[in-house]
Amino acid sequence: MREQLVELIRNALPLLEGAGDPEALAAFPVLVSIPKNAQFGDYATNVALGLAKVLKRSPLHIAQDLAGRLPANLTWLERVEVAKPGFINFFLKDQAFHGTLLQIILRGEAYGRMDWGTGRKVQVEFVSANPTGPLHIGHGRGAALGGALAALLHATGHTVETEYYLNDMGTQMETLGRSIQARALEISGREITFPQNGYRGDYISDIAREILQENPEALQEDLAFFSRRGQEKILQGIREDLAAFGIGFDHWFSETSLYTRGLVDALIERLRGSEIFYESEGALWFKSSAYGDEKDRVVVRSNGAKTYFASDMAYHLEKFGRGFDQVIDIWGADHHGYVPRLKAALKSLELDPEKLTVVLVQLVNLLREGQPVAMSTRAGEFVTLRAVIDEVGKDAARYTFLTRRSDSPLDFDLEVAKKQSLENPVFYVQYAHARVQSVLRVAAGQELEASPLSFNSLHLLALPEERELCKTLTEYPEVVSAAAQALEPHRLTSYLGELAGLFHHYYNHNRFIGDDTELSLARLLLARAVGIVIKNALNLLGVDAPEKM
RNA sequence: GGGCGAUUAGCUCAGUUGGAUAGAGCGUUGGUCUCCGGAACCAAAGGCCGUGGGUUCAAGUCCCGCAUCGCCCA
C-alpha cells in the first residue's frame with residue numbers, strides 16, 4: 001500500500017512546475033509515513049517540505065501542485081489533502097484494506113515473506129558459548145535473538161546460514177579436564193585440592209559421576225581423557241538445551257579445526273612480513289592501533305602460544321572466504337571493546353569491515369516477583385537456560401527475550417512469564433490466536449467458513465475498529481521488512497502486542513457470529529486473517545501459535 | 001584516566017532513515033459485567049523526553065558540552 005503511494009508520488013514529481021532536471025527529482029527520496037494522528041489520513045508524505053529548497057518554492061505551494069497532479073479516480077484512494085506546512089495526506093477507502101484480507105488468506109504462511117534479500121548470502125553466528133558449562137540465561141537471549149534474526153532474514157529472501165563457533169582449544173579445556181578429574185577423585189574418596197581457577201559448578205561433579213559410572217576404571221585415564229569426555233558431555237547438554245529452545249545450527253565450527261587445517265599458521269605467515277605486524281619482547285604484535293583500535297594486540301605470545309585474537313582473525317578470514325555478503329556476530333555486550341579490534345583485523349586482511357555486523361546483547365536481569373534472582377558465575381551458581389525453559393516454557397522465554405531491543409538490559413520476571421493472564425505479553429498474543437481458532441471452530445460447527453469466496457461481503461466491515469484492524473494487518477510485511485533491515489526482532493513483538501490488543505478489544509465489543517450471515521462471513525474472514533498474521537509473526541520469533549490453551 | 005552504551009509517565013519500556021497533539025503494559029483512581037473463551041471490559045489521572053547549547057521550516061530523534069548510571073580497558 002505504502003509502496004503504491006510512493007510510486008504514485010514519484011511518477012508525479014517530474015510533472016511539477018519548474019521541475020527542471022528530471023534525474024535530480026528521480027533521486028529525491030520519497031517518504032510515506034503513517035501519521036500518529038488519524039486526522040492526517042492513513043498515510044502522509046513530506047516530500048514537498050524537502051523539495052522546497054530544491055525547487056525554491058514554498059512547500060505548501062509544491063504540495064498543492066503535486067496533489068493536483070496525482071491521478072484521480074483511483075479505486076482505493078478516497079481523497080488527498082494538503083496540510084499546513086506542506087504535508088500531503090492520503091485518505092484511503094475501506095476497500096483498499098479489504099484487499100489485503102483476501103491476500104492474507106490466499107497467501108497464508110507466505111504472507112509477510114519478501115524477496116528483496118534474494119541473492120544475498122548471510123551468516124548469523126550466535127550463542128558460541130564455551131563448552132565448559134551449561135548455557136545460562138544470557139546465552140538464551142542471544143539464542144532467541146539469533147534464531148529470530150535468521151528467520152527474519154530468511155523471510156526477506158536472504159540465504160541464511162547459522163553457525164555456532166566452538167572455543168574448544170587451549171587452557172580452558174585443560175581446566176575443565178582438571179576440574180572433572182579432581183571431582184572424580186573426590187567422589188572416589190581421595191583427598192584433593194581443587195585446582196585453582198577450576199570450574200566449581202555442580203555440573204562438574206555430575207559429569208565426573210557419570211564418567212565413573214560409565215567406566216569405573218576412568219581414574220586410570222589421563223587428563224586429556226577427562227577434558228575430552230567433559231567437553232563431549234557438556235556439548236551434548238548444550239545441544240539438548242538448544243533443541244528444547246527450538247534452536248538448531250547449520251554449522252558447528254570448531255576452533256581446533258582452524259589449527260588442524262593450518263589456517264592460523266597460514267594467517268600468521270601471510271602477515272608476518274607485513275608492516276602491520278612487528279615483534280617486540282619476543283611476542284608477535286598486530287598494529288591494530290593503526291586501524292582505530294586503542295592499542296596494539298598480541299597475536300603470538302613470547303612462549304609461542306597463539307592468542308584468541310589469532311584464532312578469531314583466522315576464523316573470520318575463513319568465514320569471509322565462504323562468500324557471505326554479510327556476516328552477523330551476536331556477542332555479549334561485555335565484549336564490545338573487541339569490535340574495533342576485529343574490524344581492524346578484517347581491514348588489514350583486505351576484507352570489508354562493513355560486511356561484519358556485530359550485534360551486542362545486554363545483560364538479562366532475572367527477577368521473581370520483582371526481586372532479583374542471584375546470579376553469580378564466580379561460584380558456579382548461575383541460572384541455566386534449561387532451568388528457565390523448564391519453569392516458564394520455551395515460548396514465554398523466547399518471546400520475553402525479544403520484547404526489548406538487544407542493546408538494552410532486560411528484566412525477565414519468571415512469575416510474569418508464567419502468568420496465564422493478559423498482563424503476560426506472551427499469553428496475550430497466544431491467547432488472541434487461540435481465540436481466533438476458537439471462533440473459527442464455532443463457525444465451522446454452524447457451516448460458516450471464512451473462505452475467499454465471501455470476499456463480496458467485505459464491504460460490510462465498516463466499523464472504525466475493523467478498518468483499524470485491517471490497516472494494521474496491511475502493515476505487517478513492512479514491519480517484517482524493517483525488523484530484518486534493522487536487525488531488530490523486537491519490532492515484531494511490539495507489533496504483535498498492538499495487533500493482539502486490537503483484536504481483543506474488537507472481540508470484546510463485537511460478535512463474529514450473528515444473525516446476519518453475510519456480516520458473519522466478512523468478520524470471520526477478518527478473524528482468520530488476524531490468526532494467520534499472528535501465527536506468521538510468532539513463527540519468525542520461534543514461538544508456537546496454539547489452537548487451544 | 002580512556003572508550004562504548006544508556007537517560008522518555010510512579011515502575012518496565014516502545015517511539016519506524018528528523019515531521020503535525022510523544023505511546024503501550026504494569027501500578028493508581030473511578031466505573032461496568034447473564035454474551036462466539038470473564039483466563040474480563042470501559043474511563044481518568046499521570047511528561048521540562050537528564051541538563052545546557054547548536055543545526056533545521058521542523059529535534060525525543062542529528063552534532064557538541066555537562067551530570068548521572070552501566071559495561072569494557074588501563
Side-chain angles (χ1 to χ4, degrees), chain A residues 2 29-41 44-53 58-60 81 83-89 292-295 297 331-341 358 360-363 365 367 370 400 403-413 415-416 419-425 427-446 448 475 478-483 485-486 488 490-498 500-502 504-514 520 523-524 527 548-549:
Chain A
R2 198 191 293 232
V30 174
L31 268 86
V32 171
S33 60
I34 297 173
K36 291 171 192 160
N37 191 329
Q39 87 182 68
F40 299 125
T45 183
N46 62 350
V47 264
L49 293 159
L51 281 171
K53 264 197 182 144
S58 90
L60 201 59
E81 284 182 1
K84 296 184 289 185
F87 291 104
I88 304 174
N89 299 329
D293 195 3
E294 54 196 37
K295 62 173 203 174
R297 306 292 169 176
W331 296 352
D334 52 344
H335 291 93
H336 68 80
Y338 208 76
V339 179
R341 202 179 314 172
V358 180
L360 297 173
V361 184
Q362 279 288 355
L363 288 178
N365 301 311
L367 307 175
T400 304
T403 51
R404 301 273 179 269
R405 38 183 311 147
S406 63
D407 59 3
S408 157
L410 172 73
D411 287 344
F412 190 138
D413 195 311
E415 295 304 324
V416 170
K419 268 189 189 145
Q420 301 283 297
S421 71
L422 299 194
E423 71 186 85
N424 175 1
F427 180 84
Y428 191 72
V429 173
Q430 287 187 318
Y431 184 40
H433 184 265
R435 261 186 164 165
V436 167
Q437 302 311 319
S438 167
V439 168
L440 294 179
R441 275 194 301 272
V442 171
Q446 301 181 22
L448 288 173
E475 286 161 22
E478 290 162 19
V479 174
V480 173
S481 217
Q485 212 143 24
E488 293 181 348
H490 78 276
R491 295 183 190 215
L492 279 175
T493 53
S494 296
Y495 173 82
L496 278 170
E498 190 188 336
L502 288 172
H504 286 307
H505 179 87
Y506 181 75
Y507 180 93
N508 284 315
H509 294 85
N510 301 282
R511 297 185 60 82
F512 284 91
I513 303 163
S520 300
R523 288 183 170 178
L524 287 169
K548 289 182 183 177
M549 297 180 76

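Within every chain, numbering begins at 1; the chains are lettered A, B, ... in the order of the sequence lines, protein sequences first and strands thereafter.
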- Query: Can you tell me how far C1' in B:rG15 sits from the matching atom in B:rA24, rounded to whole Å?
  - Reply: 10 Å

- Task: Please state whether the base of B:rG19 and the side chain of A:Asn46 form at least one donor-acceptor pair under 3.5 Å?
- Result: yes

- Message: Can you list everything that forms a side-chain hydrogen bond (donor to acceptor under 3.5 Å, both in side chains) with A:Glu478? Sequence neighbours excluded, please.
- Response: A:Arg2

- Rounded to whole angstrom, note down the C1' distance from B:rA20 over to B:rA40. 36 Å

- Query: Which of these nucleotides, B:rA20, B:rA14, B:rC36, is closest to any side-chain atom of A:Phe40?
  - Reply: B:rA20

- Task: For A:Leu363, answer base if it contacts any base atom (sugar-phosphate contacts may also be present), sugar-phosphate if it contacts only those atoms, and nothing otherwise; contact means non-hydrogen atoms under 4.0 Å.
- Result: nothing

- Message: Assuming nearest nucleotide by heavy-atom distance, tell me which of A:Ala482 and A:Asn37 is located more 5' along RNA chain B.
- Response: A:Ala482

- Message: Using OP1 and OP2 only, check whether a side-chain N or O of A:His509 sits under 4.0 Å from B:rC33.
- Response: no

- Message: When you measure only distances, ignoring hydrogens and angles, does the side chain of A:Asn424 come within 3.5 Å of the base of B:rA39 through a donor and an acceptor?
- Response: no

- Message: Using the C1' atom as the point on both nucleotides, what is the distance between B:rG53 and B:rC69, in whole Å?
- Response: 23 Å

- Query: Any idea which of B:rC41, B:rG37, B:rU16 is nearest the A:Asn508 side chain?
  - Reply: B:rC41

- Message: Between B:rA74 and B:rG19, how many Å separate the two P atoms, rounded to a whole number?
- Response: 41 Å

- Item | Euclidean distance for C1', B:rU61 against B:rU7 (whole angstrom) | 14 Å

- Message: Could you check, using the six-membered ring where one of them is a Trp, whether A:Tyr507 and A:Tyr431 have ring centers closer than 6.0 angstrom?
- Response: no

- Message: Whether the side chain of A:His336 and the base of B:rG3 hold a donor-acceptor pair under 3.5 Å is what I'd like checked.
- Response: yes

- Query: Looking only at atom types and distance, does a side-chain atom of A:His433 sit under 3.5 Å from a main-chain N or O of A:Val429, one as donor and one as acceptor?
  - Reply: no

- Query: With rounding to whole Å, what would you report as the distance between B:rC72 and B:rC62 at their P atoms?
  - Reply: 26 Å

- Query: For RNA chain B, whose closest nucleotide is more 5', that of A:Val30 or that of A:Arg404?
  - Reply: A:Arg404

- Query: Rounding to the closest angstrom, what is the interatomic distance between B:rC41 and B:rC35 at atom C1'?
  - Reply: 13 Å

- Message: Does A:Phe427 reach a base, just sugar-phosphate, or nothing at all? Heavy atoms under 4.0 Å.
- Response: base

- Task: Considering only atom C1', compute the distance from B:rU8 to B:rC49 and round it to an integer number of Å.
- Result: 4 Å

